[in-house]
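I have placed the structure first, in the form of structure tokens, so that the comments after it can refer back to it.
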There are 2 protein chains.
Amino acid sequence: MARTQKSADDPRRRILDVAAAAFAASGFEGARVDQIAKRAAVNKAMLYYHVGDKDVLYETILLETIEDALARIAAATASSKTAEDRLRSTVATIADTARRHSHFAPLMLRELASGGATLPDRVMQRMRDVFQAVRDALEQGTRSGEFRAVDPVATHMFIAGSLLVLLAGGPIRRRIRQLTDVPKVSVADRSPADIASFVCDVVLEGLRPPAAPRALRRRTPLKKKN
Amino acid sequence: MARTQKSADDPRRRILDVAAAAFAASGFEGARVDQIAKRAAVNKAMLYYHVGDKDVLYETILLETIEDALARIAAATASSKTAEDRLRSTVATIADTARRHSHFAPLMLRELASGGATLPDRVMQRMRDVFQAVRDALEQGTRSGEFRAVDPVATHMFIAGSLLVLLAGGPIRRRIRQLTDVPKVSVADRSPADIASFVCDVVLEGLRPPAAPRALRRRTPLKKKN
DNA sequence: ATTCAGTTTAACTAAATGGTTAGCTGAACC
DNA sequence: GGTTCAGCTAACCATTTAGTTAAACTGAAT
């Protein structure tokens, strides 16, 4: 029992959650083991006892999140018929992963920034599988003619970039808003699901084959405000 | 003379360049002052003498880059008539800034990840001006009817996100490619100018008003490969 | 020769960091 | 009663870190 409990008073769980927030906020090198232990209300030695050193801590958090994302993507796309459905399901699932693990987007952005220099190989390989899922949907659409011939790598980076920045951009947007006193509400402030829809809408608009009849288009309605 | 020289043997210039690379690679907290001094081939005390402490170093680098970007955006958009021209010029200029200051995209991604927590106010304000430039183009297009009614904040985050990730994604793409042995070439591996065009193409496709005649569309041609 | 601002250096400090150790506790088990 | 053992703690350690100091060098003006 002691090994598998997932409740909030499981010290291991607490450590991982606190560490994820710390890594997201300050990066791997900026996060402080002492501070993580303190915030998780455990003695520092317990952190090493329950999880391992800083590298293991980091790898564990990333793997946990990515495995979760992969499992959900597989489940969500199992019944997808069209490429559009598949792309929307995949992107929505990634966005939902970011919602449930709020450290996900910041960590990915940091890894992008450092070129994955600190990414353990095991994590790298699973990340590639996530990338592959998006690319599969794109290539399926290209093959079937549902999408126009498209550069899958560039399009994937495009989707990943806009999605991650929209998801992680909340705090910085809030800071800018303070300076500009523009109290408007934007799609960017909506739920991850809405953000995923927005990204898919714009991208699908670009992926549609040139001659596709208008009637086929389906746009997720999103209230617009001035 | 000694104060304003910009050549490579100006120690201040060398320090700033090396530090920019270090901050981009490891983040503010991960970058090491000793290492920066060593790589710039100056005594550490010289770094403090010529530039200042780590915060000043960071702020100087960011401000330098952003001021440069702002000046170039102003110059590039001065003659823009249509909103599309203006948007393309702005985005292309930002991409070109990233080309000329290779640390720019990673630094921005990191700041996004941390919510701008470590951004000095002065930098924050100038960044806002860059954001404003993109948003101005979007709002001009919406007002003139050139673009459909669009969420300027979300669209801007969309553009910034895809652009930054495409620009900074080279190294991680290379690492993934090693694992997947997919030696394909993608738009993502082209020049910043091509990347900017690609982003603008996809976004403009989404911004086009629904009833716009096909003839008005202009797509930058980009070789497609399988 | 002296002065003097600008520049450079090696050596230093105080604090923080990641990681370890030896030992305590209390329940389970014989 | 004694042993075991996962869970836990306080104190410690070696190293690294950002930042400082005081002394010295340089080269031109006086």
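Reminder, nothing fancy here: chain letters follow the sequence lines and each chain counts from 1. Computation of the quantities below employed the complete heavy-atom set of this structure, encompassing side-chain atoms and omitting hydrogens, waters and symmetry-equivalent molecules.
Between its two ends, the helix from C:dA1-D:dT30 to C:dC30-D:dG1 turns its axis by 20°, counting five pairs per end and rounding to 10 degrees.
For A:Leu16 against A:Ile61, the heavy-atom pair with the smallest separation is O-CD1, 3.7 Å. Closest of all the heavy-atom pairs between B:Arg173 and B:Ala188 is NH2-O, 2.6 Å.
Near DNA chain C, meaning a heavy atom under 4.0 Å away, the residues from residues 38-48 of chain B are B:Asn43, B:Ala45, B:Met46. For DNA chain D, none of the residues of residues 53-63 of chain A falls under the heavy-atom distance limit of 4.0 Å. Within residues 15-37 of chain B, the residues approaching DNA chain D are B:Ala31, B:Arg32, B:Val33, B:Asp34, by heavy-atom distance under 4.0 Å.
For the pair A:His50 and D:dC8, the criterion of a side-chain N or O lying under 4.0 Å from OP1 or OP2 is met.
With hydrogens and angles disregarded, no donor-acceptor distance shorter than 3.5 Å links the side chain of A:Arg72 to the backbone of A:Thr93.
Shown here are the side chain to side chain contact (heavy atoms under 4.5 Å, CB included) partners of A:Asp17, two or more places apart in sequence or in another chain: A:Arg13. Among residues two or more places apart in sequence or in another chain, the side chain to side chain contact (heavy atoms under 4.5 Å, CB included) test is passed with B:Ala98 by B:Phe104, B:Leu167. Every residue two or more places apart in sequence or in another chain that forms a side chain to side chain contact (heavy atoms under 4.5 Å, CB included) with B:Thr77 is listed here: B:Ile73, B:Ser80, B:Arg86, B:Ser89, B:Thr90. Scored by the side chain to side chain contact (heavy atoms under 4.5 Å, CB included) test, B:Arg174 finds B:Pro171 as partners (sequence neighbours excluded). Under the rule for a side chain to side chain donor-acceptor pair (under 3.5 Å), the partners of B:Thr65 that lie at least two apart in sequence or sit in another chain are B:His103.
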- Residues B:Ile172, B:Arg177; criterion side chain to side chain contact (heavy atoms under 4.5 Å, CB included); working and verdict: CA-CA 8 Å; B:Ile172 217 170; B:Arg177 203 166 285 161; over 6 Å; no
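Residue B:Tyr49 contributes atom OH, which lies 14 Å from atom C1' of D:dA24 at whole-angstrom precision.
Here salt bridge (Lys or Arg N to Asp or Glu O under 4.0 Å) pairs that include residues 31-44 of chain A, with residues two or more places apart or in two chains, are A:Asp34-A:Lys44. Applying the salt bridge (Lys or Arg N to Asp or Glu O under 4.0 Å) rule to pairs touching residues 48-59 of chain A yields A:Glu59-A:Arg122, sequence neighbours excluded.
A:Asp121 and A:Gln125 share no side-chain donor-acceptor pair at under 3.5 Å.
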Can you give the donor-acceptor pairs under 3.5 Å from side chains of residues 109-119 of chain B to other protein atoms, not counting sequence neighbours?
unit_1	atom_1	unit_2	atom_2	d
B:Arg110	NE	B:Ala24	O	3.2
B:Arg110	NH2	B:Ala24	O	3.0
B:Arg110	NH2	B:Ala25	O	2.8
B:Glu111	OE2	B:Tyr58	OH	2.4
B:Glu111	OE2	B:Thr118	OG1	3.1
B:Ser114	OG	B:Arg110	O	3.4
B:Ser114	OG	B:Glu111	O	3.4

